[in-house]
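Some notes on the structure that comes next.
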Amino acid sequence: GENVEQHPSTLSVQEGDSAVIKCTYSDSASNYFPWYKQELGKRPQLIIDIRSNVGEKKDQRIAVTLNKTAKHFSLHITETQPEDSAVYFCAASSAGNQFYFGTGTSLTVIP
Amino acid sequence: GAVVSQHPSRVICKSGTSVKIECRSLDFQATTMFWYRQFPKQSLMLMATSNEGSKATYEQGVEKDKFLINHASLTLSTLTVTSAHPEDSSFYICSARYRGSTDTQYFGPGTRLTVL
């Protein structure tokens with residue numbers, strides 16, 4: 001089955017700086033890669049996703065890049081704000097199948 | 001759109017009792033719903049995949065008789081934790097996928113189960 005690894009497990013940045021979270025996957029059949037943000041005790045919220053036919057996708061301060069050859073994808077948050085502090089999960093799946101989640105990254109943005 | 005609700009949000013029960021958790025897709029039809037378990041500061045662990053009108057598919061290591069899943073309609077799936085014990089205490093989250101969609105999942109707010 002698929003194996004998704006996520007790094008780092010914790011990340012602290014100063015407000016205004018950028019944050020980068022990286023994930024690798026093992027199954028070349030995976031073709032959908034969502035990123036979720038989860039605040040303490042709340043549901044995971046989809047913040048951005050990318051499909052395997054695209055190399056990069058951007059939505060305001062958030063961007064995701066995908067390298068299919070290397071089997072890795074990354075989340076980039078620019079101009080970080082305190083409200084960006086949360087746990088971020090990456091996931092990988094092939095069409096119609098379950099999500100395989102990474103282990104999560106706890107992001108702290110220091111004001 | 002794509003709102004998923006869960007009920008109850010919190011439940012405290014005595015050891016040996018059964019607890020039912022409901023997951024509803026409020027504004028869309030969900031042919032597939034997923035049940036996850038999440039321990040503090042850990043990732044989401046898939047327990048089972050629930051397809052409307054058919055038996056749930058359980059992940060390895062998840063006891064079918066312990067965690068009963070029913071997906072009777074396109075908007076409702078239920079998870080029943082039978083004869084709950086303290087080690088079943090956890091955060092249970094469901095997610096739902098649009099009918100006709102093959103990827104994006106939308107999560108419910110979760111249910112905090114505490115077994116005394």
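The structure displayed is predicted, hence computed values, not measured ones. Sequence lines set the chain letters: A, B, ... in the order given, protein chains first and strands last, and positions in each chain run from 1.
At a threshold of 4.5 Å between non-hydrogen side-chain atoms, the residues A:Gln38 and B:Ile93 count as touching. Counting heavy atoms from C-beta on, the side chains of B:Gln105 and A:Phe99 come closer than 4.5 Å. Annotation: side chain of B:Gln6 is not in contact with side chain of A:Arg43 (no heavy-atom distance under 4.5 Å). Residues B:Phe107 and A:Leu46 form no side-chain contact, since every pair of their non-hydrogen atoms from C-beta on lies 4.5 Å or further apart.
Shown here is B:Glu59, whose CD atom has more than 12 heavy atoms of other residues, nucleotides or ligands within 6.0 Å. By the 6.0 Å contact criterion, CG on A:Leu40 is open, its count of non-hydrogen atoms from other residues, nucleotides or ligands being 12 or less. Within 6.0 Å of atom CZ in B:Arg10, 12 or fewer heavy atoms from other residues, nucleotides or ligands are found, so the atom counts as exposed in its surroundings. Heavy atoms of other residues, nucleotides or ligands lying less than 6.0 angstrom from NZ of B:Lys66 number more than 12. Atom CD1 of A:Ile110 has more than 12 heavy atoms from other residues, nucleotides or ligands within 6.0 Å. Enclosure of atom NE2 in B:His7 is not indicated, since only 12 or fewer non-hydrogen atoms of other residues, nucleotides or ligands lie within 6.0 angstrom. Atom CD of B:Glu87 has more than 12 heavy atoms from other residues, nucleotides or ligands within 6.0 Å.
Contact annotation for A:Tyr36: only side-chain heavy atoms (C-beta onward) come within less than 4.5 Å of a heavy atom of chain B. For A:Pro44, the parts lying near chain B are the backbone and the side chain together; criterion is any non-hydrogen pair under 4.5 Å.
For the atom pair B:Thr104 OG1 and A:Tyr32 OH, the distance stands at 3.0 Å (nearest 0.5 Å). One distance of note links NZ of B:Lys41 with OG1 of A:Thr103; it measures 14.5 Å at 0.5 Å rounding.
Between A:Gln98 and B:Phe34, the shortest heavy-atom contact is CA-CE2, 4.2 Å. Residues B:Ser43 and A:Gly102 share a closest heavy-atom pair of OG-O, 2.6 Å. Listed here is the closest heavy atom pair of B:Gln42 and A:Phe89: O-CZ, 3.8 Å.
Under the 4.5 Å side-chain heavy-atom criterion for Ile, Leu, Val, Met, Phe, Trp and Tyr, A:Ile62 and A:Val109 are members of the same hydrophobic cluster. A single hydrophobic cluster is not seen to contain both B:Met33 and B:Leu79; linkage of ILVMFWY side chains at heavy-atom distances under 4.5 Å, directly or through other members, places them apart.
For chain A, the option among B:Thr32, B:Val4, B:Leu44 with the highest count of heavy-atom pairs below 4.5 Å is B:Leu44. With chain B as partner, the option from A:Gln45, A:Lys42, A:Arg51 having the largest number of non-hydrogen pairs under 4.5 angstrom is A:Arg51.
Using a 30° and 60° split on the angle between ring planes, A:Phe101 and B:Tyr36 fall in the perpendicular class, above 60°.
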